[in-house]
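When reading the values below, keep in mind they use all heavy atoms of this one structure, side chains included, and skip hydrogens, waters and symmetry mates. Counting begins at 1 with the first residue of the sequence.
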Amino acid sequence: MSKNCTCWVISLNPASENTQKLIADLAAQGLNAEIFPAVDGRAGMPSLEGDERFLDDLAMVRHGKHLTASELGCYLSHLRAAKQAYDEGYQHICLMEEDVVIEPLFGDVYRSVLDKELDMVRMMSLRIRKRVVLDKLVGEHRLVRPVRGGLGAQAYVLNRAGMKKLFTYGQKIYEPIDKVMDHFFLFDLQVFAVEPHVAHELVHETSVQKAADTNDETPRLWHRLAFHPVKLWFSLRRHFYRFCHRGDFSGATLPSKKVGRTERVH
């Protein structure tokens with residue numbers, strides 16, 4: 001039996017002050033929220049499960065390194081949350097990291113995007129890319145569709161199609177999870193965003209670490225030589241995707257804008 005929607009807060013420390021505050025703030029806005037236990041990468045590389053596998057050479061070509069244990073823990077937390085929500089029959093899931101603070105209209109904006117059946121809606125982004133304005137939501141907030149990825153996986157909504165696309169493609173691991181989302185053109189993940197944002201990130205460190213440890217492996221010569229051809233292939237895929245979906249990107253286009261990591265976009 002299918003379920004409707006819920007919010008999961010990804011956390012390694014459910015008892016932390018901000019995790020509990022976030023759960024309470026979501027409840028105060030009428031949203032059911034629970035803890036999703038994060039995959040812990042602080043003590044070493046987490047084990048892979050099922051069809052999860054590393055694309056080591058692609059990681060070295062694209063980024064010159066593999067994911068660190070902490071980055072992998074973050075990656076698997078989001079990937080497995082999306083898969084579990086899909087397996088449990090949810091129609092929509094809002095996934096949030098524990099170091100997020102929501103704005104007063106978060107709940108209203110969240111509810112306003114559910115009936116639009118969008119694969120993915122970022123409730124905040126770390127970068128404002130060139131994007132197309134599609135619709136008004138609640139108050140001053142509007143729905144936009146970025147031409148390129150906006151970075152960040154702090155707070156976002158997936159429908160069932162989005163969940164399946166993300167965990168299916170994401171089982172091939174070679175870069176951080178938010179960059180996978182930014183490469184939506186590789187697996188037809190239709191990504192949208194809310195602007196101004198309805199969530200922002202706290203300055204202090206989250207326990208869901210992204211890059212607390214290091215990886216000393218050095219790219220081989222052929223990794224370096226393959227960098228530009230592979231980069232070109234990604235670029236061509238992106239332009240081809242946009243050409244094939246050119247009708248989806250029609251409308252008023254806004255320019256790119258740099259946004260600080262914790263800046264609110266108002």
I'd like to check [X] versus [Y] (side-chain heavy atoms, cut-off strictly below 4.5 Å). Are they in contact?
| X | Y | answer |
| --- | --- | --- |
| His141 | Lys136 | no |
| Ile35 | Trp8 | no |
| Leu67 | Pro176 | yes |
| Val230 | Arg62 | yes |
| Val101 | Asn18 | yes |
| His63 | Lys179 | yes |
| Tyr110 | Val121 | no |
| Phe36 | Val9 | no |

Path from [X] to [Y] over hydrophobic side-chain contacts below 4.5 Å:
| X | Y | answer |
| --- | --- | --- |
| Tyr241 | Leu236 | no |
| Phe234 | Val191 | yes |
| Leu79 | Leu55 | yes |
| Leu186 | Met181 | yes |
| Met45 | Ile177 | yes |

Sub-3.5 Å donor-acceptor pair from the side chain of [X] to the main-chain atoms of [Y], do we have one?
| X | Y | answer |
| --- | --- | --- |
| Ser112 | Val109 | yes |
| Asp119 | Ala161 | no |
| Gln84 | Ala81 | no |
| Arg53 | Ile173 | no |
| Tyr75 | Gly170 | yes |
| Arg129 | Gly149 | yes |
| Glu175 | Ala59 | no |
| Thr168 | Lys164 | yes |
| His92 | Leu114 | yes |

Would you give the length of the straight line joining atom [atom1] of [X] to atom [atom2] of [Y], rounded to the nearest 0.5 angstrom?
| X | Y | atom1 | atom2 | answer |
| --- | --- | --- | --- | --- |
| Ile23 | Glu34 | CD1 | CD | 8.0 Å |
| Ser11 | Gln20 | OG | CD | 8.5 Å |
| Glu195 | Leu143 | CD | CG | 10.5 Å |
| Glu117 | Gln190 | CD | CD | 11.5 Å |
| Thr218 | Met60 | OG1 | CE | 7.0 Å |
| Leu126 | His200 | CG | NE2 | 13.0 Å |

Indicate the atoms forming the closest heavy-atom contact of [X] with [Y], along with that distance.
| X | Y | result |
| --- | --- | --- |
| Arg145 | Asp248 | NH1-CB, 3.0 Å |
| Asp178 | Ala153 | CB-N, 4.0 Å |
| Arg80 | Ser47 | NH2-O, 3.0 Å |
| Gly107 | Leu31 | CA-CD1, 3.9 Å |
| Gln154 | Val100 | O-CG2, 3.4 Å |
| Ser77 | Val39 | OG-N, 2.7 Å |

Before accepting this row, confirm whether a basic side-chain N of the pair [X]/[Y] lies closer than 4.0 Å to the acidic partner's carboxylate O.
| X | Y | answer |
| --- | --- | --- |
| Glu71 | Lys65 | yes |
| Lys172 | Asp51 | no |
| Asp182 | Arg122 | yes |

Does Arg237 make a cation-pi contact with Phe240, if we ask for NZ or CZ under 6.0 Å from the ring centre and within 45° of the axis?
no

Report yes or no: is the cationic atom of Lys165 (NZ for Lys, CZ for Arg) closer than 6.0 Å to the six-membered ring centre of Phe187, at no more than 45° off its axis?
no

Under the side chain to side chain contact (heavy atoms under 4.5 Å, CB included) criterion, do Ile93 and Val157 qualify, and how do the steps go?
CA-CA 6 Å; Ile93 183 72; Val157 180; over 6 Å; no

For the pair Val147 and Arg131, evaluate side chain to side chain contact (heavy atoms under 4.5 Å, CB included) and give the outcome as yes or no after the intermediate values.
CA-CA 5 Å; Val147 175; Arg131 65 264 188 227; 5.6 Å; no

Indicate, with yes or no, if the rings of Phe185 and His183 have centres closer together than 6.0 Å.
yes

Ring centres of Phe54 and Tyr174 under 6.0 Å apart?
no

Lys116 and Asp135: CA distance, side-chain angles, deciding distance, salt bridge (Lys or Arg N to Asp or Glu O under 4.0 Å) verdict:
CA-CA 11 Å; Lys116 298 181 183 298; Asp135 198 6; 2.8 Å; yes

Mind running side chain to side chain contact (heavy atoms under 4.5 Å, CB included) on Lys21 and Thr19 for me, showing each step along the way?
CA-CA 5 Å; Lys21 182 179 185 304; Thr19 299; over 6 Å; no

Applying ring-ring contact (aromatic ring centres under 6.0 Å, His included), run through His223 and Phe227 and close with a yes or a no.
CA-CA 6 Å; His223 290 144; Phe227 173 78; over 10 Å; no

Run the side chain to side chain contact (heavy atoms under 4.5 Å, CB included) check on Tyr86 and Arg160 step by step: do they pass?
CA-CA 6 Å; Tyr86 184 87; Arg160 284 192 64 75; 3.3 Å; yes

Do you see a donor-acceptor pair shorter than 3.5 Å between the side chains of His78 and Glu97?
yes

Could you check whether His66 and Glu217, counting side-chain N and O atoms only, form a donor-acceptor pair closer than 3.5 Å?
yes

